[in-house]
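Single-structure report; data block below.
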Amino acid sequence: MALMDEFQKERDAVKQKGWRARLAYFWDYHKWQVIAGATGLILLLYFLSSLAGQKNLLAQAAFLNALALEENTASTLAQQYLSHRGQDPRKTDLLIEDSLFVDPENWDPMGLAVSQKLFAHLAAGELDIIAAAQDNFTSYAENGTFLPLEEIWPGRIYTDGQDYAWNGTAMGLLAPQGSRLLAHYGFAQDKVYLGIPASCKNLEEAKALLLWLIEEE
């Protein structure tokens, strides 16, 4: 009880002092609560601002061993596709990975790292389209990376010279010369194919993007 009386006397004495003394008294006894509360508020505001700034990811594509024919090609194509789909670029995004260079016959540390990154994207179901020249496309088709075209477009008839087939199963569409993809990117081989990964989570958007990329621009 004596301790409570002493504490009450101290508080009464502080009340008789000026605002600076009262502020110093408050800070001495409550500074850690104030610091904790301020930190929590800052973290909450940061979290809310991060959510507000996030965009909806419409689709994600990977162009393997592709050489952009002009600056900011990926960004330009993304903006064009979003406009084509009637999407607001402030709220929606299309990601195009065009800096992935892989040599199936030479697994140096850099190529291995790129391959691991690509397989991580595939395992997470984050890729909707892969475009690659014939040799690269084959190396992934051998591993069952792509959905068969007949599963994507039921009843579709295989077209020799237009479709890519592995063991009798069509898995990719040829990008024609003059297509939107080849108007913006160069590849090491004349035949460039596009396929939809089996792990794709947004098949309808992947189909729309694939067909848009092989259209004549």
Side-chain angles (χ1 to χ4, degrees), residues 54-89 91-102 104 111 113-141 143-149 151-153 162-164 166 170-189 191-217:
Q54 284 181 350
K55 292 184 178 182
N56 175 47
L57 182 59
L58 190 64
Q60 186 167 347
F63 301 163
L64 303 186
N65 295 6
L67 176 64
L69 301 181
E70 61 269 329
E71 292 185 6
N72 302 318
T73 302
S75 177
T76 299
L77 271 183
Q79 294 297 316
Q80 291 177 358
Y81 184 71
L82 292 175
S83 176
H84 167 72
R85 297 291 284 170
Q87 298 289 333
D88 185 347
K91 299 178 180 179
T92 310
D93 204 3
L94 167 67
L95 294 183
I96 298 177
E97 291 259 17
D98 62 357
S99 59
L100 301 173
F101 293 90
V102 179
V114 171
S115 182
Q116 288 173 339
K117 178 181 179 180
L118 186 61
F119 276 113
H121 280 313
L122 289 168
E126 295 172 345
L127 284 180
D128 301 293
I129 296 289
I130 293 178
Q134 185 169 352
D135 287 350
N136 284 116
F137 199 89
T138 298
S139 68
Y140 288 97
N143 295 319
T145 299
F146 302 107
L147 278 174
L149 295 184
E151 292 186 21
I152 301 170
W153 290 282
Q162 180 179 340
D163 298 343
Y164 175 90
W166 174 254
M171 295 184 176
L173 291 179
L174 178 70
Q177 294 300 319
S179 64
R180 186 172 281 106
L181 174 65
L182 297 186
H184 293 277
Y185 287 93
F187 292 81
Q189 294 174 293
K191 289 188 176 182
V192 177
Y193 293 95
L194 296 93
I196 297 177
S199 59
C200 171
K201 295 179 179 178
N202 190 355
L203 182 58
E204 292 305 313
E205 197 59 52
K207 288 162 61 175
L209 177 57
L210 189 155
L211 294 175
W212 183 80
L213 286 169
I214 64 175
E215 282 181 354
E216 185 174 346
E217 189 171 51

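Residue numbers count from 1 along this sequence.
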Can you give me the closest heavy-atom contact between [X] and [Y], atom names plus distance?
X: Thr73; Y: Glu70; answer: OG1-O, 2.5 Å
X: Ala66; Y: Phe101; answer: O-CZ, 3.5 Å
X: Ala132; Y: Asn136; answer: CB-CB, 3.8 Å
X: Thr92; Y: Leu82; answer: O-CD1, 3.5 Å

What is the distance from atom [atom1] of [X] to atom [atom2] of [Y], rounded to the nearest 0.5 Å?
X: Leu94; Y: Gln80; atom1: CG; atom2: CD; result: 11.0 Å
X: Asn143; Y: Thr138; atom1: CG; atom2: OG1; result: 11.0 Å
X: Ile129; Y: Leu209; atom1: CD1; atom2: CG; result: 5.0 Å
X: Trp153; Y: Leu210; atom1: CH2; atom2: CG; result: 5.0 Å
X: Met171; Y: Ile152; atom1: CE; atom2: CD1; result: 10.0 Å
X: Leu95; Y: Leu58; atom1: CG; atom2: CG; result: 10.0 Å

- Task: Report the residues that fulfil salt bridge (Lys or Arg N to Asp or Glu O under 4.0 Å) with Lys207, sequence neighbours left out, ordered by chain and then residue number.
- Result: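 Listed in chain order: Glu204.
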- Can you sort out the partners of Asp163 under salt bridge (Lys or Arg N to Asp or Glu O under 4.0 Å), two or more places apart, ordered by chain and number?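 Once residues adjacent in sequence are excluded, the partners of Asp163 under the salt bridge (Lys or Arg N to Asp or Glu O under 4.0 Å) criterion are Arg156.
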- Message: Go through it in stages, so that I can follow the logic: the residues are Tyr140 and Phe146, the test is ring-ring contact (aromatic ring centres under 6.0 Å, His included), and I'd like the CA-CA distance, side-chain angles, deciding distance and then a yes or no.
- Response: CA-CA 8 Å; Tyr140 288 97; Phe146 302 107; 7.2 Å; no
Return the set of residues passing side chain to side chain donor-acceptor pair (under 3.5 Å) with [X] (not counting sequence neighbours), or none when no residue passes.
X: Ser99; result: none
X: Glu217; result: His184
X: Thr76; result: none
X: Gln189; result: Asp135

- Task: Keeping to residues at least two apart or across chains, list the side chain to side chain donor-acceptor pair (under 3.5 Å) pairs with something in residues 124-134.
- Result: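 The answer is His121-Glu126.
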- Task: Could you go through the side chain to side chain contact (heavy atoms under 4.5 Å, CB included) check for Leu100 and Lys117 one step at a time?
- Result: CA-CA 9 Å; Leu100 301 173; Lys117 178 181 179 180; 4.2 Å; yes
- Item | Test item: Lys201 side-chain N/O and Ala124 main-chain N/O as donor-acceptor pair under 3.5 Å |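 Yes: the side chain of Lys201 pairs with the backbone of Ala124.
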- Message: Do Asn56 and Asp93 make a side-chain contact, defined as non-hydrogen atoms from C-beta onward lying under 4.5 Å apart?
- Response: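 Counting from C-beta outward, Asn56 and Asp93 never come under 4.5 Å.
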- Message: Applying side chain to side chain contact (heavy atoms under 4.5 Å, CB included) to Ile96 and Phe63, what does each step give before you reach the verdict?
- Response: CA-CA 7 Å; Ile96 298 177; Phe63 301 163; 3.5 Å; yes
- Message: Under the salt bridge (Lys or Arg N to Asp or Glu O under 4.0 Å) definition, can you give me all pairs with a residue in residues 74-88, not counting sequence neighbours?
- Response: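 As it turns out, the salt bridge (Lys or Arg N to Asp or Glu O under 4.0 Å) pairs with a partner in residues 74-88, which skip direct neighbours, are Arg85-Glu205, Asp88-Arg90.
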Name each donor-acceptor pair under 3.5 Å that joins a side chain in residues 172-183 to protein atoms two or more places apart or in another chain, with its distance.
{"unit_1": "Ser179", "atom_1": "OG", "unit_2": "Pro176", "atom_2": "O", "d": "2.8"}
{"unit_1": "Ser179", "atom_1": "OG", "unit_2": "Leu182", "atom_2": "N", "d": "3.4"}
{"unit_1": "Arg180", "atom_1": "NH1", "unit_2": "Trp212", "atom_2": "O", "d": "2.5"}
{"unit_1": "Arg180", "atom_1": "NH1", "unit_2": "Glu215", "atom_2": "OE1", "d": "3.3"}

Using atom types as modelled, flag every donor-acceptor pair under 3.5 Å from a side chain in residues 191-199 to any protein atom, sequence neighbours excluded.
{"unit_1": "Ser199", "atom_1": "OG", "unit_2": "Leu122", "atom_2": "O", "d": "2.7"}

